[in-house]
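Residue numbers run from 1 in the order of the sequence given.
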Amino acid sequence: SEFYVGGDLSSFMQVEENGCIFYDYEGNEKDLFKILKENGMNSIRLRIWNDPTDENGIPVAALLKDSVEDTKTAPYVDMIIKLAGNTLSVNGGVAVDVYGGNVTIDGRVKGSSIVMDYDTNIGRCIQTRTPESLTVLGGEYVINSVCTNNSAAIFTACDTYIDNVVISVNSDSPNYIYGVWEPNHNAITIENSKITVMGETPHVYGVKLTPSTAMVSNCNIYAASPYLPVDDMSGYAYCSHGLTSNSGNMTVKNCNITGSLAAVDVTNAGLFVDGGIYSGYGHGGFYLIGDEANPAYIYNATIVNLDENP
(Lines give C-alpha, C1' and ligand atoms only; values in the text may rest on other atoms or scores of the structure.)
Protein backbone atom coordinates (compact mmCIF):
# COMPACT_ATOMS: atom_id res chain seq x y z
CA SER A 1 0.00 0.00 0.00
CA GLU A 2 1.05 3.61 -0.54
CA PHE A 3 2.96 5.33 2.28
CA TYR A 4 1.78 8.87 2.94
CA VAL A 5 4.36 11.58 3.58
CA GLY A 6 2.89 14.93 4.57
CA GLY A 7 2.91 18.04 6.67
CA ASP A 8 0.88 21.07 7.76
CA LEU A 9 1.23 23.93 5.26
CA SER A 10 -1.56 26.11 6.64
CA SER A 11 0.78 29.10 7.08
CA PHE A 12 2.13 28.95 3.50
CA MET A 13 0.17 31.97 2.20
CA GLN A 14 1.26 34.10 5.15
CA VAL A 15 4.91 33.09 4.78
CA GLU A 16 4.90 33.70 1.02
CA GLU A 17 3.25 37.11 1.36
CA ASN A 18 6.04 38.12 3.77
CA GLY A 19 8.63 37.57 1.04
CA CYS A 20 9.93 34.07 1.72
CA ILE A 21 11.69 32.45 -1.26
CA PHE A 22 12.15 28.68 -1.54
CA TYR A 23 15.12 26.81 -3.05
CA ASP A 24 15.76 23.17 -3.85
CA TYR A 25 18.91 21.28 -2.79
CA GLU A 26 20.75 22.53 -5.86
CA GLY A 27 20.01 26.14 -4.96
CA ASN A 28 17.40 26.70 -7.66
CA GLU A 29 14.49 28.97 -6.77
CA LYS A 30 11.25 26.96 -7.08
CA ASP A 31 7.64 26.77 -6.07
CA LEU A 32 7.44 25.22 -2.59
CA PHE A 33 4.92 22.59 -3.62
CA LYS A 34 7.12 21.39 -6.49
CA ILE A 35 10.07 21.07 -4.09
CA LEU A 36 8.00 19.04 -1.65
CA LYS A 37 6.63 16.76 -4.37
CA GLU A 38 10.11 16.17 -5.81
CA ASN A 39 11.20 15.06 -2.34
CA GLY A 40 8.46 12.53 -1.78
CA MET A 41 5.67 14.51 -0.10
CA ASN A 42 2.23 13.40 -1.30
CA SER A 43 -0.16 14.75 1.35
CA ILE A 44 -0.69 18.12 3.04
CA ARG A 45 -2.96 19.64 5.66
CA LEU A 46 -4.30 23.06 4.64
CA ARG A 47 -6.56 24.79 7.16
CA ILE A 48 -7.46 28.45 6.87
CA TRP A 49 -8.48 30.94 9.58
CA ASN A 50 -9.01 33.93 7.37
CA ASP A 51 -9.89 36.52 10.02
CA PRO A 52 -8.66 35.28 13.43
CA THR A 53 -9.23 37.01 16.78
CA ASP A 54 -7.07 37.38 19.88
CA GLU A 55 -8.03 36.15 23.36
CA ASN A 56 -10.29 39.22 23.80
CA GLY A 57 -12.20 38.62 20.58
CA ILE A 58 -10.53 41.51 18.71
CA PRO A 59 -9.66 40.68 15.06
CA VAL A 60 -5.91 40.24 14.59
CA ALA A 61 -6.13 42.20 11.34
CA ALA A 62 -7.53 45.20 13.22
CA LEU A 63 -4.69 45.04 15.77
CA LEU A 64 -2.11 44.91 13.00
CA LYS A 65 -3.63 47.86 11.17
CA ASP A 66 -3.54 49.93 14.36
CA SER A 67 0.07 49.07 15.12
CA VAL A 68 1.80 49.32 11.72
CA GLU A 69 1.70 51.65 8.75
CA ASP A 70 1.82 48.92 6.11
CA THR A 71 -1.54 47.15 6.20
CA LYS A 72 -0.10 44.41 3.97
CA THR A 73 1.24 42.84 7.15
CA ALA A 74 -2.39 41.87 7.87
CA PRO A 75 -2.75 39.06 5.31
CA TYR A 76 -5.89 37.52 6.77
CA VAL A 77 -8.43 40.18 5.79
CA ASP A 78 -9.02 38.77 2.29
CA MET A 79 -7.53 35.67 0.77
CA ILE A 80 -7.19 34.30 -2.76
CA ILE A 81 -6.30 30.63 -3.14
CA LYS A 82 -5.00 30.06 -6.66
CA LEU A 83 -5.08 26.48 -7.90
CA ALA A 84 -3.03 27.69 -10.91
CA GLY A 85 -3.47 24.65 -13.13
CA ASN A 86 -2.62 22.13 -10.39
CA THR A 87 -4.61 19.23 -8.96
CA LEU A 88 -5.00 19.15 -5.19
CA SER A 89 -5.56 15.45 -4.48
CA VAL A 90 -6.86 14.59 -1.02
CA ASN A 91 -7.47 11.20 0.53
CA GLY A 92 -10.19 12.15 2.99
CA GLY A 93 -11.92 14.79 5.07
CA VAL A 94 -11.95 18.40 3.82
CA ALA A 95 -9.54 19.68 1.18
CA VAL A 96 -9.92 23.44 1.82
CA ASP A 97 -11.43 24.33 5.21
CA VAL A 98 -12.08 28.09 5.50
CA TYR A 99 -12.61 30.21 8.61
CA GLY A 100 -13.42 33.94 8.39
CA GLY A 101 -12.98 36.84 5.98
CA ASN A 102 -13.62 37.09 2.24
CA VAL A 103 -12.23 34.07 0.41
CA THR A 104 -11.74 33.42 -3.32
CA ILE A 105 -10.86 30.02 -4.78
CA ASP A 106 -9.42 30.75 -8.23
CA GLY A 107 -9.37 27.73 -10.53
CA ARG A 108 -9.59 29.54 -13.85
CA VAL A 109 -6.28 28.23 -15.16
CA LYS A 110 -6.87 25.11 -17.27
CA GLY A 111 -6.24 21.91 -15.32
CA SER A 112 -7.09 23.32 -11.88
CA SER A 113 -8.93 20.80 -9.73
CA ILE A 114 -9.55 19.44 -6.25
CA VAL A 115 -10.07 15.67 -6.16
CA MET A 116 -11.32 13.67 -3.17
CA ASP A 117 -10.74 9.94 -3.62
CA TYR A 118 -11.03 8.19 -0.29
CA ASP A 119 -12.64 5.84 2.22
CA THR A 120 -13.45 7.91 5.29
CA ASN A 121 -16.14 9.63 7.37
CA ILE A 122 -16.74 12.82 5.37
CA GLY A 123 -15.79 14.34 2.04
CA ARG A 124 -15.80 18.00 0.99
CA CYS A 125 -13.64 19.76 -1.57
CA ILE A 126 -14.41 23.21 -0.13
CA GLN A 127 -15.99 23.91 3.25
CA THR A 128 -16.64 27.28 4.87
CA ARG A 129 -17.31 27.83 8.57
CA THR A 130 -17.73 31.50 9.46
CA PRO A 131 -16.39 33.58 6.55
CA GLU A 132 -17.97 36.77 5.26
CA SER A 133 -18.10 35.53 1.67
CA LEU A 134 -16.92 32.76 -0.64
CA THR A 135 -16.16 33.14 -4.35
CA VAL A 136 -15.30 30.12 -6.51
CA LEU A 137 -14.12 30.95 -10.04
CA GLY A 138 -13.55 28.03 -12.36
CA GLY A 139 -11.93 24.71 -11.61
CA GLU A 140 -13.11 21.13 -11.29
CA TYR A 141 -14.22 19.65 -7.96
CA VAL A 142 -14.48 15.87 -7.80
CA ILE A 143 -15.56 13.40 -5.11
CA ASN A 144 -15.16 9.65 -5.60
CA SER A 145 -15.81 8.21 -2.19
CA VAL A 146 -16.90 5.51 0.18
CA CYS A 147 -17.96 7.40 3.29
CA THR A 148 -20.35 7.17 6.23
CA ASN A 149 -21.33 10.83 6.39
CA ASN A 150 -22.60 13.58 4.08
CA SER A 151 -20.56 14.36 0.96
CA ALA A 152 -20.58 17.79 -0.69
CA ALA A 153 -18.19 19.17 -3.29
CA ILE A 154 -18.87 22.70 -1.99
CA PHE A 155 -20.37 23.26 1.47
CA THR A 156 -20.91 26.95 2.17
CA ALA A 157 -22.22 28.80 5.21
CA CYS A 158 -21.90 32.37 3.89
CA ASP A 159 -22.81 34.61 0.96
CA THR A 160 -21.49 32.76 -2.09
CA TYR A 161 -20.73 33.35 -5.77
CA ILE A 162 -19.86 30.35 -7.98
CA ASP A 163 -19.02 30.76 -11.67
CA ASN A 164 -17.86 28.40 -14.40
CA VAL A 165 -17.12 25.37 -12.22
CA VAL A 166 -17.39 21.65 -12.98
CA ILE A 167 -18.57 19.46 -10.11
CA SER A 168 -18.67 15.66 -10.20
CA VAL A 169 -19.77 13.64 -7.16
CA ASN A 170 -20.04 9.86 -7.23
CA SER A 171 -20.43 8.54 -3.70
CA ASP A 172 -21.96 5.48 -2.09
CA SER A 173 -22.50 7.26 1.22
CA PRO A 174 -25.67 5.97 2.92
CA ASN A 175 -26.51 9.56 3.84
CA TYR A 176 -26.95 12.77 1.87
CA ILE A 177 -24.91 13.66 -1.21
CA TYR A 178 -24.63 17.17 -2.66
CA GLY A 179 -22.86 19.01 -5.42
CA VAL A 180 -23.42 22.39 -3.71
CA TRP A 181 -24.98 22.65 -0.24
CA GLU A 182 -25.95 25.96 1.41
CA PRO A 183 -27.94 25.46 4.66
CA ASN A 184 -27.70 28.84 6.41
CA HIS A 185 -30.05 31.40 4.76
CA ASN A 186 -27.37 33.26 2.82
CA ALA A 187 -27.39 34.84 -0.63
CA ILE A 188 -25.97 32.57 -3.33
CA THR A 189 -25.38 32.83 -7.08
CA ILE A 190 -24.35 29.92 -9.33
CA GLU A 191 -23.63 30.64 -12.99
CA ASN A 192 -22.27 28.89 -16.09
CA SER A 193 -21.55 25.64 -14.25
CA LYS A 194 -21.91 21.89 -14.79
CA ILE A 195 -22.90 19.81 -11.77
CA THR A 196 -23.31 16.01 -11.82
CA VAL A 197 -24.14 14.05 -8.66
CA MET A 198 -24.77 10.31 -8.36
CA GLY A 199 -24.92 8.08 -5.31
CA GLU A 200 -26.10 4.92 -3.59
CA THR A 201 -28.73 6.72 -1.54
CA PRO A 202 -32.24 8.07 -2.15
CA HIS A 203 -31.00 11.52 -1.03
CA VAL A 204 -29.04 12.89 -3.99
CA TYR A 205 -28.99 16.63 -4.73
CA GLY A 206 -27.23 18.54 -7.46
CA VAL A 207 -27.74 21.80 -5.57
CA LYS A 208 -29.54 22.05 -2.20
CA LEU A 209 -30.18 25.54 -0.85
CA THR A 210 -31.74 27.18 2.19
CA PRO A 211 -31.07 30.70 0.94
CA SER A 212 -32.21 34.22 1.66
CA THR A 213 -32.00 34.78 -2.11
CA ALA A 214 -30.63 32.56 -4.85
CA MET A 215 -29.81 32.96 -8.55
CA VAL A 216 -28.98 29.92 -10.70
CA SER A 217 -28.36 30.66 -14.37
CA ASN A 218 -26.94 28.95 -17.47
CA CYS A 219 -26.17 25.76 -15.54
CA ASN A 220 -26.35 22.08 -16.47
CA ILE A 221 -27.35 20.09 -13.36
CA TYR A 222 -27.91 16.32 -13.19
CA ALA A 223 -28.74 14.34 -10.03
CA ALA A 224 -29.49 10.61 -10.08
CA SER A 225 -29.64 7.83 -7.55
CA PRO A 226 -28.84 4.27 -8.64
CA TYR A 227 -31.70 3.42 -6.31
CA LEU A 228 -33.24 3.98 -9.70
CA PRO A 229 -30.95 2.49 -12.35
CA VAL A 230 -29.71 5.46 -14.35
CA ASP A 231 -30.59 3.81 -17.65
CA ASP A 232 -33.95 2.42 -16.49
CA MET A 233 -35.53 4.49 -13.75
CA SER A 234 -38.58 2.32 -13.17
CA GLY A 235 -39.13 3.45 -9.57
CA TYR A 236 -38.66 6.76 -7.75
CA ALA A 237 -35.87 7.82 -5.46
CA TYR A 238 -37.34 9.14 -2.24
CA CYS A 239 -35.79 12.59 -2.45
CA SER A 240 -33.38 13.15 -5.34
CA HIS A 241 -33.56 16.49 -7.11
CA GLY A 242 -31.42 18.50 -9.46
CA LEU A 243 -32.09 21.78 -7.63
CA THR A 244 -33.98 22.27 -4.38
CA SER A 245 -34.77 25.25 -2.13
CA ASN A 246 -36.82 25.54 1.05
CA SER A 247 -36.60 29.22 1.98
CA GLY A 248 -36.26 32.72 0.53
CA ASN A 249 -36.64 33.46 -3.17
CA MET A 250 -34.91 31.64 -6.00
CA THR A 251 -34.50 32.73 -9.63
CA VAL A 252 -33.58 30.15 -12.27
CA LYS A 253 -32.66 31.20 -15.81
CA ASN A 254 -31.81 29.15 -18.90
CA CYS A 255 -30.75 25.98 -17.10
CA ASN A 256 -30.87 22.34 -18.15
CA ILE A 257 -31.75 20.39 -15.00
CA THR A 258 -32.57 16.69 -14.51
CA GLY A 259 -33.42 14.90 -11.26
CA SER A 260 -34.44 11.36 -10.35
CA LEU A 261 -37.60 12.59 -8.65
CA ALA A 262 -37.89 16.15 -9.99
CA ALA A 263 -35.65 18.64 -11.73
CA VAL A 264 -36.59 21.46 -9.33
CA ASP A 265 -38.09 21.02 -5.86
CA VAL A 266 -39.28 24.13 -3.97
CA THR A 267 -40.97 24.09 -0.55
CA ASN A 268 -42.25 27.26 1.14
CA ALA A 269 -40.08 29.48 -1.03
CA GLY A 270 -40.62 31.86 -3.92
CA LEU A 271 -39.61 30.74 -7.41
CA PHE A 272 -39.11 32.58 -10.71
CA VAL A 273 -38.08 30.57 -13.79
CA ASP A 274 -37.29 32.01 -17.21
CA GLY A 275 -36.16 29.66 -19.96
CA GLY A 276 -34.46 26.28 -19.86
CA ILE A 277 -35.28 22.55 -19.86
CA TYR A 278 -36.43 20.77 -16.68
CA SER A 279 -36.74 16.98 -16.66
CA GLY A 280 -37.54 14.40 -13.99
CA TYR A 281 -39.10 11.06 -13.19
CA GLY A 282 -41.96 10.73 -10.75
CA HIS A 283 -42.71 14.41 -10.17
CA GLY A 284 -41.37 15.52 -13.53
CA GLY A 285 -39.92 18.97 -14.07
CA PHE A 286 -41.16 20.79 -10.96
CA TYR A 287 -42.36 19.75 -7.51
CA LEU A 288 -43.80 22.81 -5.73
CA ILE A 289 -45.24 23.17 -2.23
CA GLY A 290 -46.16 26.70 -1.16
CA ASP A 291 -48.86 29.28 -0.59
CA GLU A 292 -49.82 32.78 -1.68
CA ALA A 293 -46.87 34.20 0.22
CA ASN A 294 -44.47 32.07 -1.84
CA PRO A 295 -45.69 32.12 -5.46
CA ALA A 296 -44.02 30.34 -8.37
CA TYR A 297 -43.74 31.88 -11.85
CA ILE A 298 -42.51 29.78 -14.77
CA TYR A 299 -41.95 31.33 -18.22
CA ASN A 300 -40.52 30.08 -21.52
CA ALA A 301 -39.53 26.71 -20.04
CA THR A 302 -39.64 23.19 -21.46
CA ILE A 303 -40.88 20.72 -18.82
CA VAL A 304 -40.37 16.98 -19.37
CA ASN A 305 -41.70 14.03 -17.38
CA LEU A 306 -39.35 11.18 -18.23
CA ASP A 307 -41.58 8.49 -16.77
CA GLU A 308 -43.24 6.35 -19.42
CA ASN A 309 -46.37 6.19 -17.23
CA PRO A 310 -46.59 9.60 -15.49
Side-chain angles (χ1 to χ4, degrees), residues 2-17 20 22 30-50 75-76 78-129 131 134-147 149-158 160-171 177-181 193-197:
E2 183 179 4
F3 185 79
Y4 293 105
V5 179
D8 190 327
L9 299 182
S10 300
S11 61
F12 168 71
M13 292 286 290
Q14 186 177 0
V15 171
E16 185 179 57
E17 289 180 8
C20 186
F22 301 95
K30 280 188 179 180
D31 178 84
L32 172 63
F33 293 93
K34 290 183 178 179
I35 295 173
L36 295 175
K37 185 175 182 179
E38 290 170 356
N39 287 274
M41 181 176 282
N42 55 23
S43 302
I44 67 169
R45 179 180 187 265
L46 180 62
R47 194 170 189 177
I48 301 167
W49 288 268
N50 205 40
Y76 293 107
D78 296 304
M79 179 173 286
I80 299 176
I81 301 171
K82 294 185 178 181
L83 299 179
N86 297 304
T87 296
L88 174 60
S89 183
V90 181
N91 292 93
V94 179
V96 179
D97 201 357
V98 181
Y99 289 75
N102 299 294
V103 181
T104 297
I105 311 293
D106 189 344
R108 288 176 290 185
V109 177
K110 184 178 180 180
S112 297
S113 62
I114 297 177
V115 178
M116 310 287 293
D117 197 352
Y118 63 95
D119 181 354
T120 188
N121 177 49
I122 193 171
R124 291 171 186 171
C125 295
I126 300 170
Q127 173 174 278
T128 67
R129 305 291 185 127
L134 171 68
T135 299
V136 184
L137 303 174
E140 186 171 359
Y141 306 91
V142 179
I143 294 180
N144 298 306
S145 67
V146 178
C147 68
N149 209 325
N150 300 334
S151 295
I154 299 177
F155 172 84
T156 178
C158 62
T160 301
Y161 177 73
I162 297 171
D163 182 39
N164 200 31
V165 306
V166 176
I167 290 174
S168 177
V169 179
N170 193 341
S171 171
I177 302 170
Y178 311 93
V180 177
W181 179 19
S193 297
K194 181 178 180 180
I195 301 170
T196 303
V197 184

Between S113 and T87, what is the shortest heavy-atom contact and its length? OG-OG1, 2.8 Å
Dump the intermediate steps for side chain to side chain contact (heavy atoms under 4.5 Å, CB included) on F22 and V15, then the final yes or no. CA-CA 11 Å; F22 301 95; V15 171; 4.2 Å; yes
Report the residues that fulfil salt bridge (charged side-chain N to carboxylate O under 4.0 Å, His left out) with K30, sequence neighbours left out, ordered by chain and then residue number. D24, E38
Could you please spell out the steps behind the side chain to side chain contact (heavy atoms under 4.5 Å, CB included) verdict for I154 and L134? CA-CA 10 Å; I154 299 177; L134 171 68; 4.3 Å; yes
Let me confirm one number: the NZ-CG distance from K82 to L137, rounded to the nearest 0.5 Å. 11.0 Å
State the CG-CE distance between L32 and M41, to the nearest 0.5 angstrom. 8.0 Å
About how many Å separate OG1 of T135 and CG of N102, when rounded to the nearest 0.5 Å? 8.0 Å
Taking atom CD1 of I114 and atom SG of C125, what is their separation to the nearest 0.5 Å? 6.0 Å
For side chain to side chain contact (heavy atoms under 4.5 Å, CB included), just list the numbers for I195 and V169, CA-CA rounded to whole Å, side-chain angles, deciding distance to a tenth of an Å, and then say yes or no. CA-CA 8 Å; I195 301 170; V169 179; over 6 Å; no
State, with a plain yes or no, whether a side-chain heavy atom of I162 is found less than 4.5 Å away from one of V180. yes
Contacts of type side-chain hydrogen bond (donor to acceptor under 3.5 Å, both in side chains), residue T156, not counting sequence neighbours: T160
Residues that D106 engages under salt bridge (charged side-chain N to carboxylate O under 4.0 Å, His left out), provided they are two or more places apart: R108
What's the spacing between I126 CD1 and F155 CZ if we round to 0.5 Å? 13.0 Å
Rounded to the nearest 0.5 Å, what separation is found between the CD1 atom of I105 and the CD1 atom of I81? 3.5 Å
Minimum heavy-atom distance between L88 and A95, given as atom pair plus value: CD2-CB, 4.2 Å
Backbone of V166 reached by a side-chain donor or acceptor of S193 within 3.5 Å: no
Are the side chain of T196 and the backbone N or O of S168 linked by a donor-acceptor pair below 3.5 Å? no
Of the non-hydrogen atoms in S112 and G85, which two are nearest, and what is the gap between them? OG-N, 2.7 Å
Quick check: closest heavy atoms across I167 and A153, and the distance to 0.1 Å? CG2-CB, 3.5 Å
